[in-house]
Amino acid sequence: MFPMILRVIFRSTSITVHAGLLLVLLMLETVSLLLVGYASSVLNLYEDVIYGNGGRGLAVSSYALSPFTSVIGEREIIDLVGNTTGVNVKYVVFAIVYVDDMVIVVRGMDDESLSSLTGGVTLGDRCVFISGELSRELGIGEGDLLPLYSVFTHETIITRVCRIIESGYPYTYELITSIDLARILRGIGRGYYSIALLYFDNEDSAKEITGKLTGEEYKSIIERALIYLSRINKTVNLEMIMDVSSGYWARLGFYKDSLLLLAYVTTVLVLLCTPLISDALYRHLYTTLIQLHGIGVSRMVITMALALLLLFYTALSMLLSLPLAIWISGILELRVFSYVVKAHVDALAGIYVSMVLCALLLTGVMGGVVRSWGRLSLY
Amino acid sequence: MNKLKHSTMVLLVSIYRHGYITILLPALLAPVLFSMLPQVFASLTWQRSLISNYLPDNTVLTVTTSPLGGDCIHVKYGLMGLSGSGNGFMAQYIVIKDISMLNISGLIIKSLSNPCSGIYASIPYIFYRDHELDTGFTALLNNGSIGVCPCYIHSGLLEDTIILIGEVDGAPGYLCKTSASIIVGGIINSLVSSVVLFMEKYSMIILLAYIPVLIIVDEKILRGVIHELRILHNQGVGIRMLASSFAAALTMLSTLMALYSYALSYLLILLGLRILSHYSGLLVFSMANPAMEPIVLLSLIVIQAFFSLLISVRGMGIVSNDSKGNL
């Protein structure tokens with residue numbers, strides 16, 4: 001009986017109406033997904049920059065506004081690690097340079113990391129690696145000279161593009177070089193770095209380090225976390241933050257979670273018009289619904305069938321909007337420093353948007369149903 | 001003309017009395033609000049004190065591949081291999097025709113009169129101090145080696161750069177004299193403008209996504225005032241005039257609602273910024289004037305006028321058929 005009612009309601013209107021409704025929902029869902037996705041990507045940018053192509057570990061930074069402005073001393077890291085065994089330390093130096101109206105981030109890596117990224121090629125003096133995408137944007141090729149104006153030292157350093165590499169995000173949008181050259185651009189001396197990444201061979205070494213930091217028993221395996229080093233009266237204070245990006249956002253005076261929440265709330269605003277759409281659908285199906293009620297189908301069953309129809313529309317438009325949002329985010333360029341940020345469209349955002357959409361669509365239909373109760377009509 | 005005025009007024013009052021203003025608001029608020037976001041981002045920036053820390057107002061010389069501002073001279077630039085007091089190292093150079101072209105007082109701190117042969121040069125003070133390059137030396141370039149004879153020592157600017165005076169091979173470029181604050185200001189502006197550009201594109205997508213919603217709203221309003229339209233038609237108002245009146249009435253109300261949404265969005269955003277400013281110490285000041293905001297607002301009104309006219313033509317068909325039926 002119920003599937004038959006659904007079929008009657010579904011067939012009572014033309015395919016154009018179904019397609020139109022699906023299109024409207026698809027567009028609204030895509031726009032909402034993009035909003036949440038871009039907010040999430042921008043808010044997590046620093047985390048992506050620090051960890052590069054994935055990976056996990058403790059990031060150690062100074063009490064700075066961003067990884068680009070952080071400066072830490074090797075001495076402090078040695079003191080932090082102490083006698084703990086099974087801890088691997090990787091240092092990174094970031095610098096921001098200006099090249100022909102473009103702001104580009106330079107990443108200085110140790111020889112081992114560079115070698116693994118570039119496939120065993122070693123760097124000469126003044127060499128930088130660049131991705132194909134960035135080289136096309138700057139109009140330079142292998143062997144060309146590239147003058148970099150350092151924002152930190154206010155000096156121009158002439159470098160040579162030694163190789164064009166194909167590296168993943170975020171390296172695609174950076175200039176990769178040795179730690180020494182990055183230090184010159186950053187204006188810091190030997191023994192200083194921007195960020196240190198501590199990787200653990202086993203859980204015990206992680207326990208030992210985190211025990212030193214928090215003074216508590218190690219409770220969970222560390223995925224990613226940030227340690228802020230701040231110097232107060234010649235003593236180095238350590239502060240551990242479990243969400244890497246939120247630490248830097250907090251230094252700027254923002255709460256990352258609040259900003260993310262704001263993006264989610266704004267999504268509701270974008271979808272606020274959806275009750276009008278479901279109300280229009282209800283009005284469109286009104287005659288059919290009266291007829292169904294006339295042949296003895298209860299009001300409850302009709303309302304449930306309508307709700308199920310809307311659920312179907314929401315699910316279908318969500319399935320289509322996920323790839324569409326990813327495709328649009330490839331075209332819609334959001335550039336932060338040299339990074340082209342793409343919307344991080346995940347299942348959680350999809351579920352949230354679908355739920356809001358579905359709730360608002362049901363509100364519209366229920367409005368129509370309740371209004372019809374007040375009328376003389378049977379339905 | 002009087003009939004047009006009369007029917008427009010009747011429809012205006014009818015739409016208002018039926019309460020359709022409330023359904024116009026959710027259809028217009030989101031596009032208007034998002035069209036304002038670029039302006040908001042342009043107004044919101046880092047703390048002024050933080051910016052001023054990064055804005056030293058000293059003169060800098062920068063080598064670029066395209067001119068940066070007006071005060072630039074053509075140079076050639078490149079890298080050279082040198083053998084200093086210790087191991088060999090890589091140094092950068094620029095080539096100019098005459099040292100007076102630099103035109104910066106205090107740059108040359110010492111003139112040297114060593115007897116040496118080769119191309120004249122000014123070396124940075126650090127090279128003089130650390131590598132003892134004040135006597136003649138040989139520099140290894142891409143296409144061979146040249147003898148360099150230092151005759152000046154410079155300091156303060158171009159501290160990593162050897163200035164060669166004469167004709168030497170190198171990549172063509174510009175040496176531009178500018179202020180560090182202009183470059184850093186340019187960096188902040190490029191960051192802000194790229195985000196503003198993104199937001200403008202996003203607001204256009206929102207506008208596109210809302211076109212079907214506007215059509216649905218227009219149709220709902222048309223159905224709501226169909227009774228009034230019939231009465232007006234029976235009073236002798238022509239179908240075309242009715243269509244125009246409906247479109248005019250809806251456009252007028254939409255304009256009012258768009259302006260109301262604009263004011264509402266402005267107040268909401270202003271309130272949000274005040275709260276942010278209060279709790280995070282951010283200062284709000286204007287940096288750029290995005291152009292898309294009035295365009296989006298205008299497009300919204302034009303789109304609404306167009307679709308209300310389109311919908312009204314359909315509605316008039318219904319009214320016309322009803323009249324024929326009555327006859």
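Proteins come first, then strands; the chains are lettered A, B, ... in the order of their sequence lines, and each starts at number 1. When reading the values below, keep in mind they use all heavy atoms of this one structure, side chains included, and skip hydrogens, waters and symmetry mates.
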Trainee: Which of the residues A:Leu272, A:Leu269, A:Ile328 is involved in the greatest number of heavy-atom pairs with chain B at under 4.5 angstrom?
Mentor: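 Of A:Leu272, A:Leu269, A:Ile328, A:Leu269 has the most heavy-atom pairs under 4.5 Å with chain B.
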Trainee: Testing B:Val60, B:Val63, B:Leu68 for side-chain contact (heavy atoms from CB on, under 4.5 Å) with A:Tyr149, which one passes?
Mentor: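 Result: among B:Val60, B:Val63, B:Leu68, B:Val60 is the only option passing the side-chain contact (heavy atoms from CB on, under 4.5 Å) with A:Tyr149.
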Trainee: If you tally heavy-atom pairs under 4.5 Å against chain B, which of A:Leu271, A:Leu146, A:Leu262, A:Leu145 wins?
Mentor: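 Top option by heavy-atom pairs under 4.5 Å: A:Leu145.
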Trainee: Checking B:Ser190 against chain A: side chain, backbone, both or neither under 4.5 Å from a heavy atom?
Mentor: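 Just the side chain, heavy atoms under 4.5 Å.
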Trainee: What part of B:Tyr93 gets closer than 4.5 Å to chain A, counting heavy atoms only: side chain, backbone, both or neither?
Mentor: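 Just its backbone gets close to chain A.
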Trainee: How would you list, by chain and number, every residue that makes a ring-ring contact (aromatic ring centres under 6.0 Å, His included) with A:Tyr98, sequence neighbours excluded?
Mentor: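 A:Tyr98 satisfies ring-ring contact (aromatic ring centres under 6.0 Å, His included) with no residue once adjacent residues are dropped.
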Trainee: Could you look at B:Val217 and say if it's the side chain, the backbone, both or neither that has a heavy atom under 4.5 Å from chain A?
Mentor: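 Just the side chain, heavy atoms under 4.5 Å.
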Trainee: Measure the CZ-NZ distance between A:Arg283 and B:Lys220 for me, rounded to the nearest 0.5 Å.
Mentor: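 With rounding to 0.5 Å, CZ (A:Arg283) is 4.5 Å from NZ (B:Lys220).
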Trainee: Just by modelled atom types, is the A:Val270 backbone N or O under 3.5 Å from a matching donor or acceptor in the B:Tyr210 side chain?
Mentor: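 Judged by distance alone, yes, a pair lies under 3.5 Å.
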Trainee: So which of A:Leu35, A:Leu28, A:Thr30, A:Asp144 has the largest heavy-atom pair count under 4.5 angstrom toward chain B?
Mentor: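 It is A:Leu35.
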Trainee: Looking at residues at least two apart in the chain, or sitting in another chain, which of them share a ring-ring contact (aromatic ring centres under 6.0 Å, His included) with B:His74?
Mentor: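 Scan of B:His74 (ring-ring contact (aromatic ring centres under 6.0 Å, His included), adjacent residues dropped) gives B:Tyr174.
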Trainee: So which atom in B:Pro26 and which in A:Cys273 form the shortest heavy-atom distance, rounded to 0.1 Å?
Mentor: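 Distance-wise, the nearest heavy atoms are O-CB, 3.9 Å.
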Trainee: Examine whether an atom of B:Leu157 lies under 4.5 Å from a heavy atom of chain A, and if so say whether it belongs to the side chain, the backbone or both; otherwise answer neither.
Mentor: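 It is the backbone, since no side chain atom gets that close.
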Trainee: Check each atom of A:Ile157 against the heavy atoms of chain B and say whether the ones under 4.5 Å are side chain, backbone, both or neither.
Mentor: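 Both parts, backbone and side chain.
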Trainee: Which heavy-atom pair separates B:Leu79 from A:Ile158 by the least distance, and what is that distance?
Mentor: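 For B:Leu79 and A:Ile158, the tightest heavy-atom pair comes out as CD2-O, 3.4 Å.
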Trainee: So, the side chain of A:Glu155 versus the backbone of B:Thr161: is there a donor-acceptor pair under 3.5 Å, distance only?
Mentor: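 Between the backbone of B:Thr161 and the side chain of A:Glu155 there is no qualifying donor-acceptor contact (under 3.5 Å).
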Trainee: Could you tell me whether the side chain of A:Ile277 reaches within less than 4.5 Å of the side chain of B:Val213, counting heavy atoms only?
Mentor: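 B:Val213 reaches A:Ile277 side chain to side chain.
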Trainee: What do you reckon, are the aromatic ring centroids of B:Phe198 and A:Tyr38 less than 6.0 Å apart?
Mentor: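 Yes, the ring centres sit under 6.0 Å apart.
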Trainee: What parts of residues 329-338 of chain A touch chain B if we use heavy atoms and a cut-off under 4.5 Å?
Mentor: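 A:Leu332, A:Glu333, A:Leu334, A:Arg335, A:Val336, A:Phe337 fall under the 4.5 Å cut-off.
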Trainee: Would you mind checking which part of B:Leu61 comes under 4.5 Å of any heavy atom in chain A, side chain (CB onward), backbone (N, CA, C, O), both or neither?
Mentor: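 Contact with chain A involves the backbone of B:Leu61 alone.
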Trainee: For A:Tyr255, what residues pass the ring-ring contact (aromatic ring centres under 6.0 Å, His included) criterion, not counting sequence neighbours?
Mentor: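 Counting only residues at least two positions away or on another chain, A:Tyr255 forms no ring-ring contact (aromatic ring centres under 6.0 Å, His included).
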Trainee: Tell me, out of B:Ile94, B:Ile23, B:Thr62, B:Ile206, who's got the most heavy-atom pairs with chain A below 4.5 Å.
Mentor: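 Most heavy-atom pairs within the cutoff with chain A belong to B:Thr62.
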Trainee: Please identify, among A:Ile184, A:Val31, A:Val341, the residue contributing the most non-hydrogen atom pairs under 4.5 Å to chain B.
Mentor: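 Highest number of heavy-atom pairs under 4.5 Å: A:Val31.
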